[in-house]
Every structure is written in C-alpha cells, then in structure tokens.
Amino acid sequence: MSNIVWHDHAVGKERRAEQKGQKPLVIWFTGLSGAGKSTLAGALEQALAAAGKHTYLLDGDNVRHGLCGDLGFDDAARQENIRRVGEVAKLMVDAGLIVLTAFISPFRAERDLVRNLVGEGEFVEVFVDAPLSLCEERDPKGLYKKARAGEIRNFTGIDSAYEAPESPEIHLLNAGKPVEALVDELLTALRQGNYM
C-alpha cells in the first residue's frame with residue numbers, strides 16, 4: 001500500500017453536486033428481511049427522480065449478483081458486503097448523487113462505518129421498523145420458512161442477530177401503512193432535516 005497515492009481531481013464533489021442542483025447524500029434503509037426496505041427505497045427513488053433529483057439505488061440482492069457475488073452470509077461476509085457497498089456509496093456521493101441503499105445491514109458497527117466514510121450530514125439512516133411476526137407473515141421470498149426449517153443458516157432475526165438503530169435520522173413504522181404515506185413521511189423528514 002505504500003506505493004499507492006490518492007489522486008485529487010480538478011472537478012470535485014461540490015462542483016458535481018452544483019451541476020446537479022442537489023446535496024449528495026446516502027439514504028441507508030435498514031431493517032429485517034420483509035420489512036419493506038427495497039419497496040420503500042424504490043418508491044422514494046421514483047419520487048426523487050420525478051422531482052428532478054439524480055439518484056442511484058443499491059439493493060442488497062442486486063449487489064449479490066456482481067460486486068458481492070463471492071460472499072456468503074456469515075457475520076464476516078455480511079460485514080464485508082456492507083463495507084464494499086459503503087465504499088461504492090462513498091464514490092457515488094463524490095459524484096454528486098443521492099444514493100439510496102436497501103440492506104438488512106444487521107450490525108450497528110457496519111452502518112457506522114459507512115456513516116464515517118461520507119461527510120457530516122451526508123448519511124441518513126432510515127430504520128424500517130416492522131415486527132418480526134409481520135415480516136415472517138409477509139415472507140416475500142420464502143426465506144423465513146426456510147430458516148425456520150433449518151435450510152438457511154445465519155438468517156437475521158432467526159439465528160443471527162439484528163441490532164436495531166439506536167438513534168436513526170428517520171424511524172419508519174411499517175406495519176400496514178400504504179407505501180405512498182410512508183414515502184410522504186420520508187420526504188417530509190428529509191426536508192425537515194435539511195437534507196433536500
């Protein structure tokens with residue numbers, strides 16, 4: 001690593017953000033499988049795009065097809081998964097984008113690692129809070145059923161821990177509200193927090 005030197009570029013984050021007319025940001029959705037992270041992140045991205053914002057959505061399943069396709073699901077692999085996604089999100093923030101992510105990201109330390117990669121005020125943790133019983137009832141991919149049957153190991157909420165955020169910027173209770181209402185809550189909270 002001693003032969004690697006950081007190269008500063010003439011065009012920086014501030015100029016890229018100015019060109020896009022927005023504040024670069026990571027909006028990090030965390031919660032149990034089935035809590036609605038991907039649905040809400042996708043709906044928020046649509047609303048932001050309709051408002052002329054430049055966005056990119058990093059989804060947990062999608063990055064497992066490429067960037068993190070070589071990783072398993074034990075604790076060390078999950079930590080590396082989030083580290084890689086955090087580094088990508090950091091680059092995208094540097095490009096002036098609003099980056100939305102939808103990851104279980106079960107450990108506080110990894111979410112804090114990503115928070116510390118970007119600048120002050122550039123990380124918004126959104127806790128999509130849905131009870132385990134409701135997530136199991138939804139079970140859109142049938143993963144809880146498989147975990148309960150012992151077919152999947154290290155499944156968050158069953159035999160692997162989920163460390164809920166202690167003070168997220170946005171805490172959404174997702175126990176039956178329409179997606180549109182939750183997106184309105186998100187947009188209001190983002191404006192009130194001066195992120196938009």
Side-chain angles (χ1 to χ4, degrees), residues 1 4-31 33 35-71 77-128 165 168-172 179 182-183 185-196:
M1 294 295 282
I4 299 173
V5 177
W6 184 263
H7 184 85
D8 288 316
H9 299 284
V11 177
K13 176 170 54 178
E14 291 75 18
R15 184 162 176 203
R16 294 184 196 108
E18 185 181 309
Q19 286 175 326
K20 294 171 180 63
Q22 64 188 30
K23 178 181 176 182
L25 190 62
V26 175
I27 304 173
W28 190 277
F29 289 82
T30 180
S33 179
K37 299 176 300 298
S38 293
T39 299
L40 289 169
L44 178 61
E45 185 183 34
Q46 288 179 358
L48 292 173
K53 301 299 182 186
H54 300 260
T55 63
Y56 196 88
L57 173 56
L58 293 167
D59 181 78
D61 282 350
N62 290 358
V63 300
R64 289 282 186 164
H65 281 96
L67 178 68
C68 298
D70 60 325
L71 299 175
R78 287 169 174 242
Q79 291 164 3
E80 176 60 12
N81 182 55
I82 297 306
R83 187 196 70 76
R84 290 182 192 180
V85 169
E87 292 289 349
V88 170
K90 176 184 173 182
L91 291 171
M92 290 183 161
V93 164
D94 192 57
L97 296 174
I98 296 170
V99 186
L100 302 95
T101 74
F103 292 84
I104 294 171
S105 50
F107 305 117
R108 286 185 199 109
E110 280 66 53
R111 297 190 303 264
D112 287 344
L113 179 142
V114 178
R115 179 186 296 275
N116 292 325
L117 285 174
V118 296
E120 183 73 29
E122 292 180 342
F123 184 90
V124 176
E125 186 175 43
V126 179
F127 177 29
V128 183
E169 282 75 13
I170 301 174
H171 187 164
L172 282 183
V179 171
L182 291 168
V183 170
E185 280 184 44
L186 281 165
L187 289 168
T188 298
L190 288 167
R191 287 188 200 104
Q192 288 176 345
N194 292 317
Y195 296 108
M196 297 279 151

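- The shortest distance between side-chain heavy atoms of Val183 and Gln46 does not fall below 4.5 Å.
- Side-chain contact between Ile27 and Leu190 is present, with at least one heavy-atom pair separated by less than 4.5 Å.
- Between atom CG of residue Leu117 and atom CG of residue Leu91 there is a gap of 9.5 Å, rounded to the nearest 0.5 Å.
- The nearest pair of heavy atoms linking Ala41 to Leu100 is O-CD2, 3.6 Å.
- Under the side-chain hydrogen bond (donor to acceptor under 3.5 Å, both in side chains) criterion, Lys13 pairs with Glu122, sequence neighbours left out.
- Looking at Lys37, its side chain does come within 3.5 Å of a backbone N or O of Gly31 through a donor-acceptor pair.
- Within the structure, ring-ring contact (aromatic ring centres under 6.0 Å, His included) contacts touching residues 36-62 (residues at least two apart or in different chains) do not occur.
- Using bins of under 30°, 30° to 60° and over 60° for the plane-to-plane angle, the ring pair Phe103/Trp28 lands in the parallel bin.
- The minimum heavy-atom distance between Thr30 and Pro165, with the atom names listed, is CG2-CG, 3.8 Å.
- The minimum heavy-atom distance between Pro24 and Val93, with the atom names listed, is CB-O, 3.3 Å.
- Residues Met196 and Leu187 have side chains not in contact (no heavy-atom distance under 4.5 Å, counting atoms from C-beta outward).
- No donor-acceptor distance shorter than 3.5 angstrom exists from the side chain of Gln79 to the backbone of Glu110, with no hydrogens or angles considered.
- Under the 4.5 Å side-chain criterion, counting only non-hydrogen atoms from C-beta, Leu97 is in contact with Lys20.
- The residues Glu80 and Arg83 are annotated as salt-bridged, a charged nitrogen and a carboxylate oxygen being separated by less than 4.0 angstrom.
- Note that CG of Leu58 and CG of Leu67 are 8.5 Å apart. Values are rounded to the nearest 0.5 Å.
- A side chain to side chain contact (heavy atoms under 4.5 Å, CB included) with Ile82 is found for one member of Thr101, Leu113, Ile104, Val114 and no other, namely Val114.
- Crowding of Gln19 atom CD: a count of heavy atoms from other residues, nucleotides or ligands under 6.0 Å exceeding 12.
- When the side-chain contact (heavy atoms from CB on, under 4.5 Å) test is applied to Glu169, the partners found at least two apart in sequence or on another chain are Arg115, Val124, Glu125, Tyr195.
- Distance alone, capped at 3.5 Å, places no donor-acceptor pair between the Asp94 side chain and the Lys90 backbone.
- Between Asn81 and Arg64, some side-chain heavy-atom pair lies under the 4.5 Å cut-off.
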